[in-house]
Amino acid sequence: MDVRVRYAPSPTGLQHIGGIRTALFNYFFARANGGKFILRVEDTDRERYSDESLEDLYSTLEWLGIKWDEGPVVGGPYGPYIQSERFDIYREYAQRLVDEGKAYYCFCTPERLEELRKEQAASKSEYQGYDRHCAHLSDSEIKELLRQGIKPVIRFRVPTEGKTTFHDILMGDITRRNRDISPDPVILKSDGFPTYHLANVIDDHLMKITHIMRAQEWIPSGPLHVLLYEAFGWEVPQYCHLPMVMGKDGQKLSKRHGSTAVRDFRAKGYLPEAIINYVTLVGWSLDGETEFFSKEDLEKCFTMEGIHKAPAVFDYKKLDWFNGQYIRQADNARLSSLIAPYLEEAGYVSKPLTDSDKALVEKIVPPVKERMKVLSDVVPLTAFLFEDNAVTDKAIYIAKGSDETKTGEALRKGSCILLSGLKGGEKEEVIEEKLSSLAAELGIKVNGVFQPIRVAITNSTVSLPLFDSIRLLGMDETEKRLARAVKLFEEN
RNA sequence: GUCUCCCUCGUCUAGUGGUUAGGACAUCGGGUUUUCAUCCCGACAACGCGGGUUCGAUCCCCGCGGGAGAUGCCA
């Protein structure tokens, strides 16, 4: 049997880490088993639906490089793959259950249901859920209510006796007494759209899905879905419920933990390979040792056996580490083009890069590469090139173990050594050597000379390496800034 | 309230009826370095608790505790 799996998001929000992890697991499982990966859009909630979400779904998957074999845009033999376009299918199947007495019309108002829920919650009653008020309406009663123009929902009749079991590849058998299953859930809403339970079961069957990999939050609905499959007389697919992704506090990962939308990570300058690598490792491992995986690796070695059962906390710091690793591995040409937008946005370079901007960006890459955790770090790292906020506090120039006089001296003499050396085409090591000698001469540590020079040139104690900074700044500007610092120490 | 699931360092995890319980991130310390970063080395740090079963349990069983999820005309 060929493996067919699907990712079936609801376009009611931006694609987030948890969702994308589910997509990745499904995608990798399909690839590793020579199966098909299907994308299905579950847009049955028209209240929360948004076009933006749908666009975000496509653009996020594209950015990550996840291609679906069947689904929207690309089509496939079991389409359409957008549930709102399958409207009639669900109505038909729901009606079939009604005709067979396995489901029934319900005319209860949302208000009544709300009231019911409130009462049950207040009384801490053991029984929670719908009271099956409309379960036994007669044909004439139904006719009358329909005549009054009340739009009914269709509810699925859940048995009150017995129990239902489904098998989960990770968890084993999971059994619920039928009386504990949500009593007679709505399967078709009054607007004619199906709820998740109905649409999901019908589509998974019609699309011949073999393995359902979805988040563990669906475990409690498992038995209900089995009951639905049985009501239709369909074979139940294999289940594999994925551990949830949590925030630092152990709650389901959400916005209050930080960014969760993949789009936000992309905007901050995370690389798709870092996201893929790290996110896949949340709740899955190959051997506990290997930690670098390319998408291509995972397409080969992903296994269900490696999926963990317990929920996992999403560690932003570890993602940062992975991202830094991938930035360092990336080739410079690629980094140039990745970095450019951040510099453009900061107003540091012109929007369509001029030739000289381009050359500058290329020169920026090597020194900055070792220092970025995210691509947007390039802005603060190179700000000194584009904004000149001179440091006027002398204390900042003075290194540990030095003093004002010696620092002034280091600046004055150091500038000369540096400038004449550079102009004379001396090697950096030679100039470095001379500056070190100067430090010895002044009786201070090497940094006593380098720090003030660096502060003068980069306007910061924390900066790119001195010679890199000069190369990027240019001789004229370097000379100007050095002179200004020398002057600062000559005052008083 | 009820139901279901889960439980190895702070975090992600490996692992076995007998191991110095392994790796990674984070943290701390050290080295390289003109600062920062990178890189390298090292340290800290875990089997939730209580009963069994067993010569021996982190591992098997039971209970407890803790955590999470579900309980919608949301998915």
Side-chain angles (χ1 to χ4, degrees), chain A residues 8-10 12-13 42-45 47-48 106 108-110 113-114 117 120-121 123-130 151-155 168 170-171 174-177 179-183 185-191 193-197 199-200 214-223 241 243-244 246 248 250-252 278 281-291 306 308-322 324 328 367-373 377 381 399 432 435-436 439 445-451 453-455 458 460-467:
Chain A
S10 161
T12 54
E42 306 213 333
D43 58 345
T44 55
D45 181 350
E47 302 262 311
R48 297 194 302 151
C106 166
C108 292
T109 61
L113 298 173
E114 178 63 23
R117 251 192 302 278
Q120 287 171 343
S123 68
K124 295 203 168 169
S125 136
E126 188 173 324
Y127 188 90
Q128 304 266 323
Y130 184 56
K151 292 251 185 278
V153 300
I154 293 178
R155 289 183 181 272
D168 183 278
L170 257 32
M171 238 68 80
I174 295 175
T175 302
R176 268 185 102 167
R177 288 175 308 201
R179 49 166 290 200
D180 291 327
I181 295 174
S182 172
V186 172
I187 54 175
L188 201 78
K189 309 177 205 177
S190 54
D191 64 2
F193 275 88
T195 59
Y196 172 85
H197 304 298
N200 195 262
R214 44 132 73 148
Q216 279 174 3
E217 59 188 328
W218 292 107
I219 288 180
S221 314
H241 286 90
M244 310 258 291
M246 317 302 252
K248 200 96 206 149
Q251 309 278 114
K252 203 166 150 182
Y278 177 60
L281 251 18
V282 175
W284 178 85
S285 75
L286 181 68
D287 54 14
E289 299 281 314
T290 318
E291 49 188 350
H308 204 72
K309 284 201 235 181
V313 175
F314 187 79
D315 187 350
Y316 288 84
K317 291 241 177 86
K318 191 148 187 179
L319 205 217
D320 281 349
W321 177 77
F322 268 111
R328 257 151 256 137
V368 129
K369 192 175 183 179
E370 307 293 309
R371 275 158 256 264
M372 290 189 294
K373 276 214 271 281
D377 285 341
L381 249 18
E432 224 169 282
L435 290 173
S436 298
K445 287 189 179 156
V446 181
N447 196 33
V449 171
F450 280 94
Q451 178 166 325
I453 293 176
R454 246 186 314 101
V455 171
T458 68
S460 171
T461 50
V462 175
S463 71
L464 300 183
L466 181 59
F467 291 105

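A, B, ... follow the sequence lines: proteins, then strands. Residue 1 opens every chain. All heavy atoms count here, side chains included; hydrogens, waters and symmetry mates do not.
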Once base and sugar-phosphate atoms are separated, protein heavy atoms under 4.0 Å mark nucleotides 67-75 of chain B, 5' to 3', with B, S and - as -SBS-SBBB

Could you check whether any side-chain heavy atom of A:Phe314 comes within less than 4.5 Å of a side-chain heavy atom of A:Lys248, counting everything from C-beta outward? no

Of A:Leu188, A:Asn200, A:Val186, A:Val153, the residue whose pairing with A:Thr195 passes side-chain contact (heavy atoms from CB on, under 4.5 Å): A:Val186

Nearest-angstrom distance, P atom, B:G42 to B:G23: 10 Å

A:Phe314 CZ to B:C25 C1', in whole Å, measures 13 Å

Using the P atoms only, state how far B:G65 lies from B:C28, rounded to an integer number of Å. 38 Å

Say we look at B:A21 and B:C6: how far apart would their P atoms be, to the nearest angstrom? 27 Å

Side-chain touch A:Met372/A:Leu381, heavy atoms, less than 4.5 angstrom: yes

Heavy-atom protein contacts under 4.0 Å, nucleotides 26-38 of chain B, coded B base, S sugar-phosphate only, - none: S-------BBBBS

Looking at side-chain heavy atoms only, is the closest gap between A:Gln128 and A:Arg117 below 4.5 Å? no

Touch class at under 4.0 angstrom, heavy-atom based, for A:Gly324 against every strand present: nothing

Sticking with atom C1', work out how far B:U8 lies from B:G69, rounded to a whole angstrom. 23 Å

Pairing check on B:A14: which nucleotide meets the Watson-Crick or G-U wobble criteria with it, both distances under 3.5 Å? none

Has A:Gln216 got a side-chain atom pairing as donor or acceptor with A:Lys309's backbone, closer than 3.5 angstrom? yes

What's the CD-C1' distance between A:Glu291 and B:G22, to the nearest Å? 13 Å

Taking any strand in view, what nucleotide pairs with B:C64 in a Watson-Crick or G-U wobble way, both distances under 3.5 Å? B:G48

Nearest-Å distance once atom C1' is located in both B:A14 and B:G29: 27 Å

Salt bridge between A:Asp45 and A:Arg48, side-chain N to carboxylate O under 4.0 Å? yes

Would you find a donor on one side and an acceptor on the other, under 3.5 Å apart, between the side chain of A:Gln120 and the backbone of A:Gly129? yes

For nucleotides B:U16 and B:C74, find the distance between their P atoms and express it as a whole number of Å. 46 Å

Provide, to the nearest angstrom, the distance between the OH atom belonging to A:Tyr316 and the C1' atom belonging to B:C12. 15 Å

Would you confirm whether A:Arg454, through its side chain, and A:Thr461, through its main-chain N or O, come within 3.5 Å as a donor-acceptor pair? yes

Find out whether A:Pro220 and A:Arg176 are in side-chain contact, i.e. whether some heavy atom of one side chain is under 4.5 Å from a heavy atom of the other. yes

More than 12 heavy atoms of other residues, nucleotides or ligands under 6.0 Å from NZ of A:Lys445: is that the case? no

Taking atom C1' in both B:C12 and B:A26, what distance in whole Å separates the two? 11 Å

A:Asp168 side chain vs A:His241 backbone, donor-acceptor pair below 3.5 Å: yes

Whole angstroms only, please: what is the NZ-C1' distance between A:Lys373 and B:C25? 12 Å

Touch class at under 4.0 angstrom, heavy-atom based, for A:Ser436 against every strand present: nothing

With P as the reference atom in both, quote the distance from B:U58 to B:C49 in angstrom, rounded to an integer. 9 Å

Any strand: nucleotide that pairs with B:G72 via Watson-Crick or wobble, under 3.5 Å: none

I'd like a list of close polar pairs between nucleotides 14-21 of chain B and the protein, N/O only, cut-off under 3.5 Å.
{"from": "B:A14", "atom 1": "OP1", "to": "A:Ser285", "atom 2": "OG", "distance (Å)": "3.2"}
{"from": "B:A14", "atom 1": "OP2", "to": "A:His308", "atom 2": "ND1", "distance (Å)": "3.2"}
{"from": "B:A14", "atom 1": "O2'", "to": "A:Asp287", "atom 2": "O", "distance (Å)": "3.3"}

Quick one: look up who B:C28 pairs with, Watson-Crick or G-U, both distances under 3.5 Å, and put none if it's unpaired. B:G42

Could you tell me if the ring centre of A:Tyr196 sits under 6.0 Å from that of A:Trp218? yes

Watson-Crick or G-U wobble partner of B:C36, both distances under 3.5 Å: none

Would you check if A:Lys189 and A:Lys151 make a side-chain contact, meaning some heavy-atom pair closer than 4.5 Å? no

